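Notes follow once the structure below has been shown.
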Amino acid sequence: MSTFAIGDLQGCLSPFEALLDTIGFNPDRDQLLLAGDLVNRGPDSLGTLRRVYELRDNVRVVLGNHDLHLLALAHGHARPKSKDTLAPILDAADRDTLLGWLRGQPLLVEVPEFDAVMAHAGLPPLWTLEQARQRAAEIAGVLADPQSADIFFSQMYGNDPAGWRDDLTGPTRWRVITNYFTRMRFVDRQGDLDLTTKGEADQPPAGFVPWFEHPDRLDTGCRVLFGHWAALEGRSGVAGVEALDTGCVWGGCLTALRLDDDARFRCDC
Ligand SMILES: Nc1ncnc2c1ncn2[C@@H]1O[C@H](COP(=O)(O)OP(=O)(O)OP(=O)(O)OP(=O)(O)OC[C@H]2O[C@@H](n3cnc4c(N)ncnc43)[C@H](O)[C@@H]2O)[C@@H](O)[C@H]1O
């Protein structure tokens, strides 16, 4: 049995199938960890979501910003964007099955057998593991209830407030937690987010650093598996911080990290 962590699929079904072949994935034996952004931008978001759903007994998934955008659209709280490839999901006969399953996925997955955690954008540098666990569970509870989920999606978009404060409440608090887990790249000294810069790690906005290079980053004792940041090209440069998004949808490749022996596998897109 092997466990593979795979970066952002973003609707790239053919490369996903090719990667499963390359790693010799066997559903009787192997497990997949998917770092979120299963859908959007790529050519077959519906086929990808259906395939992941089919594999659901072998898969642990975290929600990414594009997955949440899909769910917000389905709840009627977002407008489709010109580069979205989500309409076939929203029009599909099995949409309620697929979206119901997706809405049940968490922001944080713990992988105790490998002393690892996975979140789409990463682990906020100034949060303890217990704080991250509690805040992710708070959002899972919100999404589990249709009424609170509807409020969540109606208030989800936005970059403010820029950082965590202990006195945050309600939908504002939910937005900040979600922004940390699904959209974080650069943070400042007090841990606040810059949510506009998407470039390379060595070109931060003034006063900011990549979250995994924060000088006061707490040692959780866990490896961190994350996707989201294609410009990293699969390298954080920090031990135990495993960047998995290698820009499949941007003409790069799809990456799988076998946690048993740290072997990396790639399929061109
Ligand atoms: N609270 C909230 N507020 C706002 N939006 C929310 C939200 N919650 C959910 N969303 C949703 O989030 C989505 C983000 O939209 P966008 O912000 O338009 O997303 P994107 O450009 O597709 O990039 P993404 O953020 O996925 O990052 P990636 O690194 O892959 O790509 C980023 C860039 O990196 C570039 N890139 C790729 N590979 C690179 C490389 N090797 N080197 C340099 N740049 C590279 C790409 O060209 C691309 O431009 C939308 O669907 C939006 O609705």
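What you are looking at is a predicted structure, and each value in this text was computed from that prediction instead of being measured. One-based numbering, in listed order, for ligands and for the atoms of each.
Scanning all protein heavy atoms for the shortest distance to atom 14 (C) of ligand 1 gives N65 ND2, 3.4 Å. The protein heavy atom nearest to atom 41 (N) of ligand 1 is E233 OE2, 2.8 Å. Annotation: atom 38 (N) of ligand 1 to nearest protein heavy atom, A230 CB, 3.7 Å. H66 NE2, 2.7 Å is the protein heavy atom nearest to atom 26 (O) of ligand 1. With respect to atom 27 (O) of ligand 1, the closest heavy atom belonging to the protein is R185 NH2, 2.7 Å. Nearest non-hydrogen protein atom to atom 15 (O) of ligand 1 is R41 NH2, 3.5 Å. The protein atom (non-hydrogen) at minimum distance from atom 34 (O) of ligand 1 is K198 O, 4.2 Å. The protein atom (non-hydrogen) at minimum distance from atom 5 (N) of ligand 1 is Y157 CD2, 3.7 Å.
Residue Q203 does not touch ligand 1, judged by heavy-atom distances below 4.0 Å. When non-hydrogen atoms are compared, ligand 1 lies under 4.0 Å from the side chain of R183 (C-beta onward) but not from its backbone. For W250, every heavy-atom contact with ligand 1 shorter than 4.0 Å involves the side chain, none the backbone.
Taking a 4.0 Å cut-off on heavy atoms, Q155 fails to register as neighbouring ligand 1. Contact annotation: A231 has at least one heavy atom less than 4.0 Å from an atom of ligand 1.
The shortest distance between side-chain heavy atoms of R133 and E110 falls below 4.5 Å.
For the residue pair Q134 and E130, a side-chain donor N or O sits within less than 3.5 Å of a side-chain acceptor on the partner. Judged purely by distance below 3.5 Å, without hydrogens or angles, the side chains of D194 and T197 pair a donor atom with an acceptor atom. H66 and D84 share no donor-acceptor pair across their side chains, judged by distance under 3.5 Å alone. Between the side chains of D245 and H228, no donor-acceptor pair of N or O atoms lies under 3.5 Å. Side chains of D67 and H120: no donor on one and acceptor on the other come within 3.5 Å. Using modelled atom types, one finds no donor on one side chain facing an acceptor on the other under 3.5 Å when comparing D145 with Q147.
More than 12 heavy-atom neighbours from other residues, nucleotides or ligands sit within 6.0 angstrom of CZ on R29.
Listed by number with element, the atoms of ligand 1 under 4.0 Å from a non-hydrogen atom of G158 are 1 (N), 2 (C), 3 (N). Taking every heavy atom of H228 and a limit of under 4.0 angstrom, the matching atoms of ligand 1 come to 25 (O), 27 (O), 28 (P), 29 (O), 30 (O). Proximity to N179 (heavy-atom distance under 4.0 Å) selects the following atoms of ligand 1: 1 (N). The K81 neighbourhood of ligand 1 comprises atoms 50 (C), 52 (C), 53 (O), with distances under 4.0 Å to a heavy atom of that residue. Residue-ligand proximity, Q10 to ligand 1, at heavy-atom distances under 4.0 Å covers atoms 30 (O).
Classified by interplanar angle (parallel below 30°, tilted 30° to 60°, perpendicular above 60°), the ring pair F4/F265 is perpendicular.
An N or O contact shorter than 3.5 Å links H69 to ligand 1 by distance.
Each of D260, D262, D261 was compared with R258 under the salt bridge (Lys or Arg N to Asp or Glu O under 4.0 Å) criterion, and only D261 meets it.
Between H77 and F153, a ring centre-to-centre spacing not shorter than 6.0 Å is recorded.
Disulfide criterion (SG-SG under 2.5 Å) for C269 and C248: met.
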